[in-house]
Undergrad: 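Provided herewith is a single structure, encoded as structure tokens, for subsequent inquiry.
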Amino acid sequence: MKTTTNHGLKKPDGTDTVNIEDLNYNSDVLDGLLTPATITTNGFMSKEDKVKLNGVATGANNYTHPATHPVSMISGLHAVATSGSYNDLLNKPSAFPPSTHTHTKSQITDFPTSLPANGGNADTVDGSHAWELQTLSTSGISHGSGQWIAKLQYNVDNDNYFKFICGDGSISVKVENANLVKGRDLSAELDGLKSTVVNGKTSVANAINGKLGTSLSNQTPFDDMAYYISNGLISSPTSATCGSFTLTFGNNFTTKSCYIVRSAYKIYCYSLYGVAVTYQVYKKPSGSSLSLLYSGTISTASPTYTQLTDGDNTAVYFIFFGASGVTLHATNANGSGNATLDYCI
């Protein structure tokens with residue numbers, strides 16, 4: 001049995017018996033040949049593939065063009081394209097006219113860190129023009145209309161005074177003394193006020209001393225003087241008997257109705273003959289309020305002392321006895337020295 005040259009189809013001879021299998025074989029081969037070819041199997045070419053094939057030039061191959069090229073491959077470029085030099089640039093401008101723009105402080109290389117001693121050549125300083133800061137003339141100066149000024153200058157009139165002058169063209173004011181405010185000499189007024197206070201305190205102290213025999217002065221605090229007055233200690237009639245009593249160790253004395261004491265010693269008393277004597281002691285520290293310190297009754301004849309003061313020499317003690325004419329025995333804490341008791345009955 002013969003076969004075809006290209007595809008091997010079977011060709012039975014005239015004497016061969018017809019074989020169905022040979023017919024089926026030839027049919028399968030032809031069917032395969034009539035199927036479009038793929039990249040892995042043979043077949044007929046589609047019309048689209050034929051069109052594409054016709055468009056391929058003779059000698060063409062599968063070439064991919066690169067996305068970038070070195071400058072050396074590009075022709076027709078000017079030298080500046082490869083050198084980057086301003087000198088290679090064509091049609092450069094010969095002048096650069098300024099345009100509106102801004103800079104930050106950090107971009108200014110010679111920005112000054114301080115002003116010159118004369119303040120610079122500014123038209124104004126704190127809003128004032130140079131003519132507003134001019135040197136004053138002597139008294140009676142005036143200035144142009146609407147030009148408000150205010151100046152303080154020393155010795156303008158050679159009188160060793162500071163002068164403050166203000167004006168709006170029609171008004172000028174001269175103050176010849178730096179202590180003057182609106183025509184008032186504050187220094188003189190303060191000196192006068194101080195003198196008045198000192199003299200007043202001296203007068204009040206002398207009045208209290210005249211009543212009580214004390215030794216107050218203009219250095220005595222005002223509140224101490226006030227307590228002498230407000231507690232009725234100088235309200236007795238002018239016929240009242242006032243004086244002082246010096247307390248020493250073992251000294252006996254007859255009580256008065258009131259004693260005023262300043263002492264660094266602690267003063268103690270007991271009734272020499274056992275007569276009951278009520279007492280109240282008020283303490284007035286300097287700069288503080290008056291308050292009751294002790295109160296009670298001195299009634300025993302035995303030497304059991306009752307404390308009347310606590311030895312604060314910055315305080316004034318007001319000792320009030322409920323009876324007068326009673327003989328008391330008095331001493332101080334350490335049995336020595338003395339304390340002066342001022343009294344008024």
Side-chain angles (χ1 to χ4, degrees), residues 201 204-236 240-345:
K201 288 187 70 176
V204 174
N206 290 340
I208 296 174
N209 293 339
K211 285 286 186 179
L212 303 179
T214 54
S215 56
L216 306 183
S217 71
N218 56 34
Q219 300 301 312
T220 302
F222 273 117
D223 57 347
D224 284 355
M225 292 183 176
Y227 274 105
Y228 277 97
I229 298 171
S230 63
N231 287 278
L233 300 179
I234 62 171
S235 61
S236 56
T241 301
C242 300
S244 297
F245 179 83
T246 301
L247 175 66
T248 58
F249 176 71
N251 185 269
N252 299 328
F253 64 97
T254 300
T255 63
K256 310 297 180 182
S257 60
C258 173
Y259 288 87
I260 303 170
V261 180
R262 278 187 187 271
S263 176
Y265 296 108
K266 297 179 181 179
I267 299 174
Y268 298 82
C269 284
Y270 73 88
S271 177
L272 190 62
Y273 299 110
V275 178
V277 180
T278 60
Y279 70 92
Q280 288 181 319
V281 180
Y282 289 86
K283 180 179 178 180
K284 171 58 179 66
S286 179
S288 301
S289 300
L290 182 73
S291 61
L292 181 65
L293 180 62
Y294 303 120
S295 66
T297 303
I298 302 174
S299 61
T300 178
S302 62
T304 301
Y305 289 97
T306 298
Q307 183 173 346
L308 299 181
T309 66
D310 58 6
D312 182 359
N313 66 347
T314 67
V316 177
Y317 301 92
F318 304 109
I319 305 174
F320 297 91
F321 292 110
S324 61
V326 178
T327 301
L328 299 178
H329 185 82
T331 186
N332 53 49
N334 60 9
S336 63
N338 59 74
T340 299
L341 285 72
D342 297 319
Y343 64 86
C344 187
I345 57 173

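The basis for the numbers below is simple: all heavy atoms, side chains too, and nothing from hydrogens, waters or symmetry mates. Numbers for residues simply follow the sequence, beginning at 1.
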Undergrad: Report yes if the side chains of Leu328 and Leu272 come closer than 4.5 Å at any heavy-atom pair, otherwise no.
TA: no
Undergrad: Under 4.5 Å between any side-chain heavy atoms of Tyr294 and Gln307, yes or no?
TA: yes
Undergrad: Which heavy atom in Thr254 sits nearest to a heavy atom in Tyr259, and how many Å separate them?
TA: O-OH, 3.3 Å
Undergrad: Does any part of the side chain of Cys269, heavy atoms only, come nearer than 4.5 Å to the side chain of Thr306, both counted from C-beta?
TA: no
Undergrad: Decide yes or no for Tyr282 and Val316: does some side-chain heavy atom of the first lie under 4.5 Å from some side-chain heavy atom of the second?
TA: no
Undergrad: Quick one, Val281 and Leu292 - any side-chain contact, counting heavy atoms below 4.5 Å?
TA: no
Undergrad: Is there a donor-acceptor pair closer than 3.5 Å between any side-chain N or O of Thr309 and the backbone N or O of Ile267?
TA: yes
Undergrad: In terms of ring plane angle, is the pair Tyr270 and His329 parallel, tilted or perpendicular, where the classes change at 30° and 60°?
TA: tilted
Undergrad: Determine, for Phe321 and Lys256, whether the Lys NZ or Arg CZ falls below 6.0 Å from the six-membered ring centre while staying within 45 degrees of the axis.
TA: no
Undergrad: Compare every heavy atom of Val326 with every heavy atom of Ser271, then report the nearest pair and how far apart it is.
TA: OG-CG1, 4.1 Å
Undergrad: Excluding sequence neighbours, so at least two apart, what forms side chain to side chain donor-acceptor pair (under 3.5 Å) with Tyr317?
TA: Asp310
Undergrad: For the residue pair Ser289 and Lys284, what are the closest heavy atoms and their distance?
TA: C-CD, 3.9 Å
Undergrad: Ignoring hydrogens, what is the shortest heavy-atom contact between Thr220 and Lys201? Give both atom names and the distance.
TA: O-NZ, 2.8 Å
Undergrad: Please name all residues satisfying side chain to side chain donor-acceptor pair (under 3.5 Å) with Thr278, sequence neighbours left out, ordered by chain then number.
TA: none
Undergrad: Given side chains that start at C-beta, do those of Phe320 and Tyr279 come closer than 4.5 Å, heavy atoms only?
TA: no
Undergrad: With the side chain counted from C-beta on, respond yes when Val277 and Thr297 share a heavy-atom pair under 4.5 Å apart, and no when they do not.
TA: no
Undergrad: Which distance, rounded to the nearest 0.5 Å, do you find between the NZ of Lys283 and the CG of Leu308?
TA: 13.5 Å
Undergrad: Where do Thr255 and Ala323 come nearest, in terms of heavy atoms and distance?
TA: OG1-O, 3.1 Å
